[in-house]
Amino acid sequence: MANDIVIAQTTSDNEVQAKMLARGAVESKLAAGVHIDAPMTAFYWWKGKVETAQEWRISYMTTTDLLPALEVWLHEKHPYDVPQWITLPVTGGSEAYLSWVVDETA
């Protein structure tokens, strides 16, 4: 079952927006749960120069089946021109937790 579960991540430079992106995905049943990490400092290239921003990392616990729909939803809701969007495979974990993710996104 672990191969059916993924963690998808994005970031936001606004805590209220991060919470909206988290809650909306759960309410839409696109993710079983979402974690928002404490603010961090990001450095990145944007339009030819190095930028610095305070950002919140948003991690979505979902299934591989829902990943395409979650990505479309995220890109529609996210204010960034190019939001971070990466996925991390879940290669193991508690069977009870992994079952919960599948059940809550069914």
Side-chain angles (χ1 to χ4, degrees):
M1 177 177 305
N3 292 338
D4 297 332
I5 308 298
V6 293
I7 297 172
Q9 293 184 329
T10 193
T11 58
S12 175
D13 64 356
N14 179 299
E15 185 177 14
V16 172
Q17 180 75 21
K19 289 177 179 178
M20 187 278 301
L21 292 170
R23 184 176 192 87
V26 172
E27 287 175 344
S28 299
K29 298 293 263 183
L30 294 170
V34 180
H35 293 148
I36 299 173
D37 293 336
M40 60 189 168
T41 303
F43 294 87
Y44 53 93
W45 282 100
W46 185 246
K47 298 185 178 182
K49 66 180 187 170
V50 175
E51 296 285 344
T52 305
Q54 183 179 47
E55 292 187 312
W56 287 258
R57 181 177 307 134
I58 308 161
S59 300
Y60 300 91
M61 279 61 74
T62 192
T63 62
T64 55
D65 290 346
L66 286 174
L67 196 56
L70 178 59
E71 182 175 8
V72 168
W73 179 90
L74 184 280
H75 285 286
E76 288 174 354
K77 304 290 184 192
H78 206 294
Y80 287 10
D81 291 338
V82 182
Q84 179 193 64
W85 184 252
I86 61 168
T87 59
L88 308 167
V90 174
T91 60
S94 138
E95 192 65 32
Y97 180 80
L98 299 177
S99 292
W100 172 80
V101 171
V102 170
D103 291 347
E104 292 304 319
T105 54

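Treat the numbers as computed from the prediction; the structure is a model and nothing was measured.
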Practice prompt. Without swapping roles, check the side chain of T105 against the backbone of A31 for a donor-acceptor pair under 3.5 Å.
Written response: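 It does not hold such a pair.
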Discussion item. Between T63 (side chain only) and I5 (backbone N and O only), is there a donor and an acceptor less than 3.5 Å apart?
Written reply: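 Checking the backbone N and O of I5 against the side chain of T63, no donor-acceptor pair under 3.5 Å is found.
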Discussion item. Do L74 and V72 land in one hydrophobic cluster if side-chain heavy atoms of ILVMFWY residues count as linked below 4.5 Å?
Written reply: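 Per the 4.5 Å side-chain linkage, L74 and V72 are not co-clustered.
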Worksheet item: For L67 and T62, what are the C-alpha separation, side-chain angles and deciding distance, and is it a side chain to side chain contact (heavy atoms under 4.5 Å, CB included)?
Response: CA-CA 7 Å; L67 196 56; T62 192; 4.2 Å; yes
Discussion item. Holding to salt bridge (charged side-chain N to carboxylate O under 4.0 Å, His left out), I want the full list of residues that pass it with E76, two or more places apart in sequence or in another chain.
Written reply: none
Just how far is it from atom [atom1] of [X] to atom [atom2] of [Y], taken to the nearest 0.5 Å?
X	Y	atom1	atom2	value
T64	L70	OG1	CG	12.0 Å
I36	S12	CD1	OG	8.5 Å
I7	I58	CD1	CD1	14.5 Å

Discussion item. Could you go through L21 and K77, starting from their C-alpha distance and side-chain angles, then the distance that decides it, and tell me whether this counts as side chain to side chain contact (heavy atoms under 4.5 Å, CB included)?
Written reply: CA-CA 7 Å; L21 292 170; K77 304 290 184 192; 3.7 Å; yes
Fill in: side-chain hydrogen bond (donor to acceptor under 3.5 Å, both in side chains) contacts in which one or both residues fall within residues 14-28, not counting sequence neighbours
R23-E27
Anything under 3.5 Å between a donor and an acceptor, one on a side chain of residues 42-56, the other on a protein residue two or more places apart or in another chain? List them.
| unit_1 | atom_1 | unit_2 | atom_2 | d |
| --- | --- | --- | --- | --- |
| E55 | OE2 | T11 | OG1 | 3.4 |
| E55 | OE2 | Y80 | OH | 2.8 |

Discussion item. Applying salt bridge (charged side-chain N to carboxylate O under 4.0 Å, His left out) as the test, list every pair that has at least one member in residues 97-106; sequence neighbours left out.
Written reply: K29-E104
Discussion item. Can you pull out every salt bridge (charged side-chain N to carboxylate O under 4.0 Å, His left out) where at least one residue sits in residues 57-73? Sequence neighbours excluded, please.
Written reply: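 Found D37-R57.
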Fill in: Derivation of the side-chain hydrogen bond (donor to acceptor under 3.5 Å, both in side chains) call for Q84 and T10
CA-CA 5 Å; Q84 179 193 64; T10 193; 5.2 Å; no
Item to complete: Report the relative orientation of the aromatic rings in Y60 and W85; use parallel for angles under 30°, tilted for 30 to 60°, perpendicular for over 60°.
Response: tilted
Item to complete: Mind checking side-chain contact (heavy atoms from CB on, under 4.5 Å) for V26 and listing every partner two or more places apart, or none if nothing turns up?
Response: V34
Discussion item. Could you check whether atom NE2 of H35 has more than 12 heavy atoms from other residues, nucleotides or ligands sitting under 6.0 Å from it?
Written reply: no
Fill in: Residue pair V6 / P89: nearest heavy atoms and the distance that separates them
CG1-CA, 4.4 Å
